Amino acid sequence: MALLRELLTEIEYACVRGTLDREVTDIIYDSRQVVPGSMFVCIPGAVADGHRFAAAAVEAGAGVLLVEKEMELTTKADVTVIKVPDTRYAMAFLSAAFFGHPAKQMKIIGITGTKGKTTSTYLVRSILEQAGRKVGLIGTIEIIIGDTHIPADHTTPESYLVQKYFRQMADAGCDTVVMEVSSQGLMLHRTQGFVFDFGIFTNLEPDHIGKGEHRDFEDYLYCKSLLFQQCRTGIVNKDDAHWKAVTAEHTCTLETYGIDTAADLRAENLAFVKEKGSLGMRFDVTGLLHFPVQIPVPGRFSVYNALTAIAICRHFAVSGEVVQNALLQAKVKGRIEPVKVSDEFTVIIDYAHNAMALESLLTTLRAYEPHRLVCLFGCGGNRAKSRRYEMGEVSGRLADLTIITSDNPRMEEPRAIIDDIKLGIGKTEGRYVEICDRKEAVAYAIDHGEPGDIIVLAGKGHEDYQEINGVKYPMDERVLIKEILEERQRA
């Protein structure tokens, strides 16, 4: 609970009705969640405008309305109406004040970019926790607060939830937070109300462009760039062609990292590591730091992720030995995640669920010169059919064998989705088999694994369910593999 007058100190506003001397019990942006004495924030959304539900919120007991449009309330209820230029922007500052500005009690790290955000956040958390810090995490997969893991709905939650999680993290003893910062999150002001201690840019490729997201690539880039007006220290990948544009209007100090350019922190002498049933990379850190590193995940982009984490953790005075040990042990669920099945061949689980991600993954694995590159994947139902054609064509072109199976069919027939994927593969010379049941498909891949093969299970990644006809059934590929291996052992 907080006094309205005190919550409003950092924003521009006009009180158009009622009194500022009112206690606010909570801040709500969904009228169905209104509780007595709460502030209801009227947000104009892509589907519905919160202003339409203002009267209903008052009926439900809201004591304050936060609006950005002129409104007429017929009700005679005792309610305060606060008008601001932008309710989303204002909500971020009000939420920070409501929870007592928890970001000021911790070091806040924000990572943005098209790829690498999720992996980099987990690597940072792994390194810093090994160095003795207590680290909260907010990202695409989950929110981590101590031993509590909360499944995520958005890469960057609404500003109210960000502040709520910050408060819980600070109360749990966290001294650091590492979070993924999406372009949508920046565009919708979800990260306003506090200043990042460190803002990181990994890379930029055309993505999230279309209805309900960004109107074009320039808008996407601009939204990414906002992070560097909201942080104290910016750390950017100098190898990315867009780094200058992303930081053009920065208000922070800047430093760089990279592989190919004269960056402040560099990875040199990259080497591919291929051991019994596992793949990795080895490189030397040079520039601002000097020590060798080996990571148990394949590919050049894995080096970038590790270098991102090293560039951040340098500011926390973490020793090279701690960094080396943490990176050697770090594993991110569903992001080029190795699963030990055999010394003869390698099995990897990855979230790649569009053509761009799948092409990047398969091209990376090709560099390890496998006996065969086997790609198992399906596509989600009730999504653009073009994704199916494109992923089929990529796998047909780059994999030696494609195993087409089911992903999240949702309300569609799995066989119809498989037929669409086959149209894409048909444009190539690629060999394929189709096995609709995903467990049977995984079993086929394992049973037919040959020495030197790399087998990729793509599309599900960190997900532990399969959505069929509106119902989410438990299905974790790690569990499937365990069950398959146990069944083979019993047989």
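These numbers come from a predicted model, not from an experiment.
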Could you tell me if the side chain of [Y] sits less than 4.5 Å from the side chain of [X], heavy atoms only?
X: L221; Y: H242; value: yes
X: I417; Y: P409; value: yes
X: I336; Y: F301; value: yes
X: V322; Y: S319; value: yes
X: T233; Y: C252; value: no
X: I468; Y: R410; value: no
X: E68; Y: H51; value: yes
X: T121; Y: R125; value: no

Atom of [X], atom of [Y] and distance for their closest heavy-atom approach:
X: L327; Y: I127; value: CD2-CD1, 3.9 Å
X: L66; Y: A90; value: CD2-CB, 4.0 Å
X: T9; Y: E6; value: OG1-O, 3.3 Å
X: I145; Y: A172; value: CG2-CB, 4.1 Å
X: C174; Y: V135; value: SG-C, 4.1 Å
X: L4; Y: T19; value: CD2-O, 3.9 Å

Between [Y] and [X], does any NZ, NE, NH1 or NH2 come within less than 4.0 Å of an OD or OE carboxylate oxygen?
X: K69; Y: D49; result: yes
X: R335; Y: D350; result: no
X: E477; Y: R438; result: yes
X: K83; Y: E12; result: no
X: K134; Y: D175; result: no
X: R478; Y: D464; result: no

Partner of I310 under side chain to side chain contact (heavy atoms under 4.5 Å, CB included), chosen from V124, L265, V318 =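 Only one of V124, L265, V318 forms a side chain to side chain contact (heavy atoms under 4.5 Å, CB included) with I310, namely L265.
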task = Kindly determine whether R88 and D86 satisfy salt bridge (charged side-chain N to carboxylate O under 4.0 Å, His left out), including the steps that lead there.
result = CA-CA 6 Å; R88 275 194 181 277; D86 186 321; over 6 Å; no
Rounded at 0.5 Å granularity, tell me how far [atom1] in [X] sits from [atom2] in [Y].
X: L186; Y: L226; atom1: CG; atom2: CG; result: 5.5 Å
X: I138; Y: Y165; atom1: CD1; atom2: OH; result: 8.0 Å
X: L94; Y: L7; atom1: CG; atom2: CG; result: 6.0 Å
X: Q229; Y: T247; atom1: CD; atom2: OG1; result: 11.0 Å
X: K238; Y: I259; atom1: NZ; atom2: CD1; result: 14.5 Å

Would you find a donor on one side and an acceptor on the other, under 3.5 Å apart, between the side chain of [X] and the backbone of [Y]?
X: T256; Y: D264; answer: yes
X: K385; Y: D420; answer: no
X: H353; Y: Y351; answer: yes
X: T118; Y: T140; answer: no
X: K460; Y: Y465; answer: yes
X: R266; Y: A263; answer: yes
X: S395; Y: M391; answer: no
X: T114; Y: E205; answer: yes
X: S126; Y: Y122; answer: no
X: T80; Y: V64; answer: no

V81 vs V67, side-chain contact (heavy atoms from CB on, under 4.5 Å): CA-CA, chis, key distance, verdict = CA-CA 7 Å; V81 180; V67 304; 3.9 Å; yes
request  = Assess whether side-chain contact (heavy atoms from CB on, under 4.5 Å) is satisfied between L3 and V24, documenting all intermediate values.
outcome  = CA-CA 6 Å; L3 185 66; V24 175; over 6 Å; no
inquiry  = Taking the six-membered ring for Trp, are H189 and Y89 closer than 6.0 Å centroid to centroid?
reply    =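 Yes, they do, as the ring centres are separated by less than 6.0 Å.
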request  = Kindly state whether the ring of Y304 and the ring of Y257 have centres lying under 6.0 angstrom apart.
outcome  =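 No, the ring of Y304 stays outside the 6.0 Å limit from the ring of Y257, centre to centre.
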Is atom [atom1] of [X] surrounded by more than 12 heavy atoms (other residues, nucleotides or ligands) closer than 6.0 Å?
X: E413; atom1: CD; answer: no
X: K333; atom1: NZ; answer: yes
X: F316; atom1: CZ; answer: yes
X: E249; atom1: CD; answer: no
X: K439; atom1: NZ; answer: yes

message = Testing T112, D219, T202 one by one against K224 for a side-chain hydrogen bond (donor to acceptor under 3.5 Å, both in side chains), which residue passes?
response =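 Among the candidates, only T112 passes.
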Residue that, paired with N408, satisfies side-chain hydrogen bond (donor to acceptor under 3.5 Å, both in side chains) out of Q466, R383, E463 = E463
inquiry  = The test is side-chain contact (heavy atoms from CB on, under 4.5 Å); show your working for T363 and R300 and say whether it passes.
reply    = CA-CA 11 Å; T363 302; R300 184 179 170 92; over 6 Å; no
request  = Could you walk me through whether E255 and H315 pass side-chain hydrogen bond (donor to acceptor under 3.5 Å, both in side chains), step by step?
outcome  = CA-CA 11 Å; E255 62 183 59; H315 289 271; 3.0 Å; yes
key: Qualifying residue, where the test is ring pair (Phe, Tyr, Trp, His ring centres under 6.0 Å) with F99 and the options are Y160, F166, F194   = Y160
message = Quick one, I11 with V84, criterion side-chain contact (heavy atoms from CB on, under 4.5 Å). Give me CA distance, side-chain angles, the key distance, then yes/no.
response = CA-CA 8 Å; I11 65 168; V84 295; 3.9 Å; yes
Audit row: T156, R190, side-chain hydrogen bond (donor to acceptor under 3.5 Å, both in side chains) steps and yes/no = CA-CA 7 Å; T156 306; R190 292 173 181 168; over 6 Å; no
